[in-house]
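Position 1 is the first residue of the sequence; numbering continues from there. None of the values given here were measured: they were computed from a predicted structure.
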Amino acid sequence: QFNAFDMDGRAAYLWEHGEYVTGVIDHQGRSNYYALNGYYVEVELFDEGDAIAAVVPFNTGDRYERMLQGVNIDRL
């Protein structure tokens, strides 16, 4: 269902149902990560401002590894 939405629909659904995990700013850019229905979602932001460049669901791979680098273990 989530994948069937356009980017604005994904963002709206995520804000309503997702749980914020962490944010990352590094050489790859700026991203916020959320947990949603058993998987994760990366919200890629443009370099300037708060406009969303992409909303991408994932479970493994490079996005997962990048998200883990931003998790503050001390907060858990």
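Of all heavy-atom pairs between S31 and R66, the closest is OG-NH1, 2.9 Å. Heavy atoms only, all atoms of each residue included: D47 and R30 are closest at O-NE, 3.8 Å. Here the shortest heavy-atom pairing between F46 and I52 reads CE1-O, 3.5 Å. The two residues N3 and R10 come nearest to each other via the heavy atoms O-NH2, 3.3 Å. Across all their heavy atoms, Y33 and E42 have their closest contact at OH-OE2, 3.2 Å.
No chain of hydrophobic side-chain contacts below 4.5 Å, direct or via other Ile, Leu, Val, Met, Phe, Trp or Tyr residues, connects M7 to V56. No continuous path of hydrophobic side-chain contacts links L45 to I25 [ILVMFWY only; heavy atoms under 4.5 Å].
For Y34 and Y20, the gap between ring centers is short of 6.0 Å.
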Exercise. So E19 and L36, side chain to side chain contact (heavy atoms under 4.5 Å, CB included) or not? Walk me through it.
Worked result: CA-CA 7 Å; E19 181 178 341; L36 177 70; over 6 Å; no
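Using a 30° and 60° split on the angle between ring planes, H17 and Y13 fall in the tilted class, from 30° to 60°. Note on ring orientation: taking the six-membered ring where Trp is involved, the planes of Y64 and Y40 are tilted (angle from 30° to 60°).
Going from atom CZ of R63 over to atom CG of L68 covers 14.0 Å, rounded to the nearest 0.5 Å. The distance from the CD atom of Q1 to the CG atom of N37 is 8.0 Å, given to the nearest 0.5 Å.
Between F5 and V55, the closest side-chain pair of non-hydrogen atoms is not below 4.5 Å.
Remark: side-chain polar atoms of T22 are paired, donor with acceptor, to backbone N or O of G70 under 3.5 angstrom.
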